[in-house]
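Positions are given from 1 along the sequence.
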Amino acid sequence: MTEQELLQMRDLAETGQVQFKERINDRYDIGCEIVAFSNSRGGKLVIGINDKLGAINALSYRELQETTNLLTSIASENVVPNVLIDVDNVPTSGGAVVVATIPEGKNKPYHDNKGIIGGVDIWGDEMS
């Protein structure tokens, strides 16, 4: 992905197939995003863009490494069955952001490691 493609995606704002996060602050939350993408048509999770303002807040070299490793770890440990995601670092004029591409799942339904599928546990009971 080029910076131009990233900016075009950002300018269209978040959709059902594109979500922005400034940083990964909660492994569980990111796992839920991956579950949702896997249970639908797939999508892109962009780390380094503020989801309220659309401002790019590039990651440091260390954050790029940590975020890349964390995303692949979450996809394998916090999503059941685990999913393989593609993680790329996309350079921008102010630094780089991480773009994770989550494919549509082939083994639906996916759930988090607590057995929850989008607010409903695997037995069909609503979660509060």
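Scored by the salt bridge (Lys or Arg N to Asp or Glu O under 4.0 Å) test, Glu104 finds Lys108 as partners (sequence neighbours excluded). Residues meeting the salt bridge (Lys or Arg N to Asp or Glu O under 4.0 Å) test with Glu77, sequence neighbours left out: Arg27. For Asn82, there are no side chain to side chain donor-acceptor pair (under 3.5 Å) partners, not counting sequence neighbours. With sequence neighbours excluded, the residues that form a side chain to side chain contact (heavy atoms under 4.5 Å, CB included) with Asn113 are Tyr28, Asn78. With sequence neighbours left out, the salt bridge (Lys or Arg N to Asp or Glu O under 4.0 Å) criterion links Glu66 to Arg62. For Arg41, the side chain to side chain donor-acceptor pair (under 3.5 Å) criterion is met by Gln17, not counting sequence neighbours. Evaluation of the side chain to side chain donor-acceptor pair (under 3.5 Å) rule for Lys21 yields Asp29, Glu33 as partners, not counting sequence neighbours. Residues satisfying the side chain to side chain donor-acceptor pair (under 3.5 Å) test with Asn50, not counting sequence neighbours, are Glu22.
Using a 4.5 Å heavy-atom threshold, the side chains of Val79 and Asp112 count as separate. For the pair Met1 and Met9, the minimum side-chain heavy-atom distance is below 4.5 Å. In this structure the side chain of Ile24 never reaches within 4.5 angstrom of the side chain of Asp26, judged on heavy atoms. Looking at Ile56 and Val97, their side chains come closer than 4.5 Å, going by heavy atoms from C-beta outward.
Distance OG1/Thr2 to CG/Leu7: 8.0 Å, rounded to 0.5 Å. For the atom pair OG of Ser38 and NE2 of His111, the computed distance is 11.5 Å after rounding to the nearest 0.5 Å. To the nearest 0.5 Å, atom CG of residue Asn25 and atom CD1 of residue Ile47 are 9.5 Å apart. A distance of 8.0 Å separates NZ of Lys44 from CG of Asp86, quoted to the nearest 0.5 Å. In this structure, the separation between CZ on Phe20 and CG on Leu53 is 12.0 Å, given to the nearest 0.5 Å. Rounded to the nearest 0.5 angstrom, Ile102 CD1 and Ile34 CD1 are separated by 5.5 Å.
Other residues sharing the hydrophobic cluster of Leu84, ordered by chain and number and joined by side-chain separations under 4.5 Å: none, the residue standing alone. Taking Ile, Leu, Val, Met, Phe, Trp and Tyr as members and joining any whose side-chain heavy atoms lie under 4.5 Å apart, directly or through other members, Val80 forms no hydrophobic cluster with any other residue. Applying the under-4.5 Å side-chain rule to Ile, Leu, Val, Met, Phe, Trp and Tyr, the cluster around Leu12 consists of that residue alone.
Side-chain atoms of Ser76 come within 3.5 Å of backbone N or O of Ser73 as a donor-acceptor pair. Panel note: side chain Asn39, backbone Tyr110; a donor-acceptor pair is recorded below 3.5 Å.
Under a hydrophobic clustering in which Ile, Leu, Val, Met, Phe, Trp and Tyr are joined whenever their side-chain heavy atoms come within less than 4.5 Å, directly or via other members, Ile30 and Val99 fall into different clusters. Note on Val83: it clusters hydrophobically with Leu70, by side-chain heavy-atom contacts below 4.5 Å among ILVMFWY residues. Transitive grouping of hydrophobic side chains (ILVMFWY, heavy atoms separated by less than 4.5 Å) brings Val35 and Leu45 into a common cluster. Hydrophobic clustering of Ile, Leu, Val, Met, Phe, Trp and Tyr side chains at less than 4.5 Å, counting indirect connections, unites Ile74 with Phe37.
Among all heavy-atom pairs drawn from Leu64 and Ala96, the shortest one is CD1-CB, 3.8 Å. Taking every heavy atom of both residues into account, Gly94 and Ala58 meet most closely at O-CB, 3.4 Å.
For residues 5-17, the set of pairs meeting the salt bridge (Lys or Arg N to Asp or Glu O under 4.0 Å) definition, not counting sequence neighbours, is empty.
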- Apply the test side chain to side chain contact (heavy atoms under 4.5 Å, CB included) to residues Val87 and Ile85: give CA-CA distance (whole Å), side-chain angles for both, the deciding distance (0.1 Å), then the verdict. CA-CA 6 Å; Val87 180; Ile85 63 173; 3.8 Å; yes
- Query: How far apart are the C-alpha atoms of Val98 and Leu71, what are their side-chain angles, what is the distance that settles it, and do they pass the side chain to side chain contact (heavy atoms under 4.5 Å, CB included) test?
  - Reply: CA-CA 10 Å; Val98 173; Leu71 284 167; 3.6 Å; yes
